Amino acid sequence: MHPYLPHTKQDVKDMLKVIGVNSIEQLFDDIPESIRFQGELSLQDSLSELEVSAAISSLAAQNRGTDQLACFLGAGAYDHYIPSIVRHIAGRSEFYTAYTPYQPEVSQGSLQVIFEYQTMISELTGLPVANASHYDGATACAEAAFMAQSSTRRKNIIVSQTVNPQTRKVLKTYLKFKGLNLIEVAENNGSTDVEQMKAAIDRDTAAVIMQSPNFLGIIEDIAEIEQAVHAEKGLLILSVDPISLAILKSPGELGADIAVGEGQSLGNTLSFGGPYLGFIATTKKLMRKLPGRIAGQTVDANDKRGFVLTMQAREQHIRRARATSNITSNQALNALMAAAYLVTMGKQGLVEVASLCVKKAHYTARQIARLPGYSLLFDKPFFKEFAVQGKVEIPELNDKLLQADILGGYDLSQEYPQYPNSMLLCVTEKRTKAEIDKLVSEMEGAL
Amino acid sequence: MIEYNKLIFELSQPTRQAYMLPPCDVQMEEAAELLPEKFLRQQAPALPEVSELDAVRHFTLLSNKNYGIDTGFYPLGSCTMKYNPKINENLASMPGFTSLHPLQPEETVQGALKIMYELQNILAEISGMARVSLQPAAGSQGELTGLMIIKAYHQQCGQGHRSKIIIPDSAHGTNPASVSMTGYQAVEIKSNAQGTVDLAELKAVLDSDTAGLMLTNPNTLGLFEQDIVEIARLVHECGGLLYYDGANMNANLGITRPGDMGFDIVHYNLHKTFSTPHGGGGPGSGPVGVVDKLVEFLPMPWVVIKDGKYVLDSSAAQSIGSVKSFYGNFGILVRAYVYLLTMGGNGLKRVSELAVLNSNYMKERLKKHYRLPFDHVCKHEFVLAGIGPNEHDITTLDIAKRLIDYGYHPPTIYFPLIVDSALMIEPTETENKETLDGFIDALIAIAHEAIEDPEKLKTAPHCTPVSRLDEVKAARDLVLKYTNS
Amino acid sequence: MIIMENCLYTKEHEWVRVDLDTVLIGITDYAQHAMGEIVYVELPEDDAAYEQGEVFGVVESVKAASDIYMPLSGTVIKVNTELEDDPGLINSDPYQNWIVGVKLNDSKQLDGLMNAVEYEQFCNSIDSN
């Protein structure tokens, strides 16, 4: 018998008898013969735990990840420290084997976690209402664009080219099929071309999407763009790095109407690109346009505090074709990990992480800038990522770094052909001085 | 054990901490000096300040207030709450997978790419599709992707005017919502007296504006759409495509394939059929498979073999683009792959056979005590219509809440919409007969209680951390975050 | 079910009451009963102009969301903002708690609405279906 299939022969016999048929095959008599699958699926037969473990372990061993390499690669996914307790909490099967909390009386754990997560996202973003999370940062941004369209009844979404290219690709897909226009505004020397952006904003602008720190690492100066888009009664959507919000001005302070971002940095492993979580927070005015789950506080029949999913009339299971989004659930387990991370790091810890990122990234930048043959691509304020240009081909440089157990930076020429021989480096709190110094010396040696 | 009713914010004490970081080992100015003041936040976010044990205990006590598959029977219809194998979790947690950066050089991630490649192929084989994209993050996003493919295909064929997607009235609510998100119009058709697609209704709405039909088979009533071949012929004949909502795939493994039924596009819910955990509402994974003529429209990238190496290919010119960052929920893909190896081809077929056996057994035993609107052989799930009008106005909600007192998670209720007071029950194959019998006996006992002790149902549940919650208050006096007052 | 003699009605269960040179519009007792406890009313902006049959607002309960349709073409001249803080007022008295006041474009459109007797028959006919 297979360990996941508990039926004894006697069970099957007894059950068939109750049903009143002679064989399991009879239960499939309603399927027309012409579409019955003939033969067997071309899969191998079932394997034992020992065999599967051996097979999968050998595949894992063919990978070389950030557990073996010093990671200076960021570009939307980040190698931050994950406290031990995060995995233990997310590993509690009462959390991970539950479904979305439809029956609140037996889901108070999940619901309270969402409520606490929402509270902390609201605190980070400086906006009053957050949802229970979305698939990832890119899709959260696309949903924010839909919110803007629904709220302003306008069809043009303007996005800066300094927004993560992955996010812009997803925006392009989502908007195209919804019949909305995506207008890209060029970058200029590492940040958004403010004049061009202001010129692009008009009465048809539903929203402007900015990212800060932007994809190139630079902290954008939002002020003028914020004024320009609000003057035309459009919305400002700001995509942010949640770690940076410990020390950088929040989207709320900057006048954003919607804040979105990739939440992977908050206690979630890199995991080759997913699962991650996207966060969305907004103003009271726009909260009814928020997609996805939202938990709210209430009381039970005995006046005891409890939590439920609320504002559900926004959602697909009630509004069906008229819902603003089709999302059915959230990234609950990833949001749990984000919540556990934020609780563990706490008020001081997140500031410490953010400060370490700034200091170590600036240290690294300074060391590299000193090397003959390399220079910083932009002279603008940055957080944990910065671009360097060198007299080397980036793929070759990265090959050499890899041989020295270093995961090098992101080759910018892939998405920004105006910057050849340039790469985006990321330095988190995890990188040690020894690793950084090794990176610098290997880069020097590669010249 | 004493009852726990604290928010993490209520445990917070200034300067307490649950972390320790190494001292800064580089000589640098402080962050506030390295960055212009105008960008800096004046006040640090008010996150909680607790010790490590405080944090661990808080979340552990919260987990105790949750019901999961590991806690007990969870027969949610259309959700396939089967056992989530522990080996999936162990293997997916190996650093060789969790520590991979998505933009690493391909030569450093050959093992990961091989898993994706193999999974693409196995999923294609199971559904009879030509090719599968693993990118969509969830079933709902798989649907959205499928509809985008339909639209891109029609546009390429010069049929961009096609505007209608036909959906039966028994469909999941996501179907019409996804249709709207792609700028299509949802056209709902009524089911016939047998609970399946009414061919006359279908014929009446099919025309040159039809872009496609969305269907799940077995449908949400757990009934196999026996006219599926004719349905497919009719839709194809008028130039439309057929989309298969994979929520109910657990009935079909190795028995019948959407591709053979005539479907053009399929999404899979790895978190349903393929045993990956639901995570309390995510992460899921919703790969999409298509027939030959639609391959070039799939989202990019996918994994191919080139010169003996696994590589990510983004070259399809007609691709709808990306629907998500990177390549899909990789951690979930690993779990599903582990499950497929563990079950094997032979095991998968047995999965569907036993899922259907369990469902029919429960239906037979329960139909004397609850209304059964469609008394045919069912597939992996079935739908009861509550106990009917009764003296004490006991509702399906009351029955569901009372089930909690008996130690069970309630079935899906009030869905599908076409069944009054619906209880939608999906036992899955991983539950044994004793568990099914226990649940059935509980439902029968509750049907008696509805007559003899109705108050017990109306005030249920009685042994949960909270009793019935005031959803009206929650929606009227919105409290969506903690505020220190 | 309460039906007021002094109102006119639509098939979407809105009522219309002529009040000097404007009309007040709300949803009927039948509608509020079908919705259950109302938790939110989405109101239109002042001065917004609508054609007959256009959606001008939404009422939400915990289990449903229902569009409110403009029974007659016109311009919104007042909005019952009390409903923002206390949407349950519609449950307690749906005829007293109007949603918007509208200046009509064409008072002849009033002739197309049902009177109390017709509306009662209409409600009975959908209930018996």
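What's counted below: heavy atoms across the whole structure, side chains too, no hydrogens, waters or symmetry copies. Lettering follows sequence order; numbering is per chain, from 1. No experiment lies behind these values; they were computed from the predicted model shown.
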Are the side chains of [X] and [Y] in touch, meaning some heavy atoms are under 4.5 Å apart?
X	Y	result
A:Ile24	B:Arg350	yes
B:Pro48	A:Met120	yes
A:Gln108	B:Leu62	no
B:Leu341	A:Ile56	yes
B:Glu30	A:Lys359	yes
A:Leu59	B:Tyr337	yes
A:Gln348	B:Thr15	yes

Select one option (side chain, backbone, both, neither) describing which atoms of [X] are under 4.5 Å from chain B's heavy atoms.
X	answer
A:Lys169	both
A:Phe146	side chain
A:Ser53	both
A:Ala295	backbone
A:Val308	side chain
A:Ile294	side chain
A:Val299	both
A:Glu253	side chain
A:Leu342	both
A:Arg92	side chain
A:Leu124	both
A:Leu407	side chain
A:Arg293	neither
A:Phe307	both

Exercise: identify the closest heavy-atom pair between [X] and [Y]:
X	Y	result
B:Ser322	A:Thr173	O-OG1, 2.7 Å
A:Ala138	B:Ser325	CB-OG, 3.3 Å
A:Glu105	B:Leu469	OE2-N, 4.2 Å
B:Ile8	A:Glu116	N-OE2, 2.9 Å
B:Lys401	A:Gln103	NZ-OE1, 2.7 Å
A:Pro275	B:Pro283	CB-CB, 3.4 Å

Under 4.5 Å from any heavy atom of chain A, what part of [X] do you find: side chain, backbone, both or neither?
X	result
B:Lys82	neither
B:Lys114	side chain
B:Leu147	neither
B:Met81	side chain
B:Val179	neither
B:Ile332	both
B:Met343	both
B:Pro461	side chain
B:Glu89	side chain
B:Cys24	both
B:His376	neither
B:Leu34	both
B:Ile87	side chain
B:Glu431	backbone

Flag yes if more than 12 heavy atoms outside A:Glu40 fall under 6.0 Å of its CD atom; otherwise flag no.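 At most 12 heavy atoms, drawn from other residues, nucleotides or ligands, come within 6.0 Å of this atom.
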Should the ring pair A:Phe272 and B:Tyr327 be called parallel, tilted or perpendicular, given that the plane angle runs from 0 to 90° and is split at 30 and 60? tilted
Counting heavy-atom pairs under 4.5 Å with chain A, which one of [options] comes out on top?
options	value
B:Gly321, B:Ser180, B:Gly183	B:Ser180
B:Ala475, B:Pro299, B:Gly284, B:Ala177	B:Ala177
B:Thr71, B:Asn432, B:Val356, B:Asn84	B:Val356

Please assess A:Lys304 against B:Asn5 for the test side chain to side chain contact (heavy atoms under 4.5 Å, CB included), listing each intermediate value before the final yes or no. CA-CA 9 Å; A:Lys304 198 193 286 183; B:Asn5 195 20; 4.1 Å; yes
Partners passing side chain to side chain contact (heavy atoms under 4.5 Å, CB included) against A:Thr139 (at least two apart in sequence or in another chain):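 Applying side chain to side chain contact (heavy atoms under 4.5 Å, CB included) to A:Thr139 gives A:His134, A:Tyr135, A:Asp136, A:Val170, A:Tyr174, B:Gln141.
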So, [X] side chain and [Y] main chain: donor-acceptor pair closer than 3.5 Å or not?
X	Y	answer
B:Arg257	A:Phe37	no
A:Asp300	B:Arg468	no
A:Gln166	B:Phe326	yes
A:Glu123	B:Ala46	yes

Ignoring hydrogens and angles, state whether a donor on the side chain of [X] or [Y] is under 3.5 Å from an acceptor on the partner side chain.
X	Y	result
B:Ser140	A:Asn326	no
B:Tyr19	A:Glu352	yes
B:Thr108	A:Arg64	no

Audit row: B:Leu100, A:Leu270, side chain to side chain contact (heavy atoms under 4.5 Å, CB included) steps and yes/no: CA-CA 6 Å; B:Leu100 299 181; A:Leu270 284 163; 5.9 Å; no
B:Glu49: which residues meet the salt bridge (Lys or Arg N to Asp or Glu O under 4.0 Å) condition with it, sequence neighbours left out?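 Residues passing salt bridge (Lys or Arg N to Asp or Glu O under 4.0 Å) with B:Glu49: none at all.
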Please report whether the ring centroid of A:Tyr99 lies less than 6.0 Å from that of B:Tyr74. no
Pairing of A:Arg36 and B:Asp260 as salt bridge, 4.0 angstrom limit: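 Salt bridge flag = no for B:Asp260 with A:Arg36.
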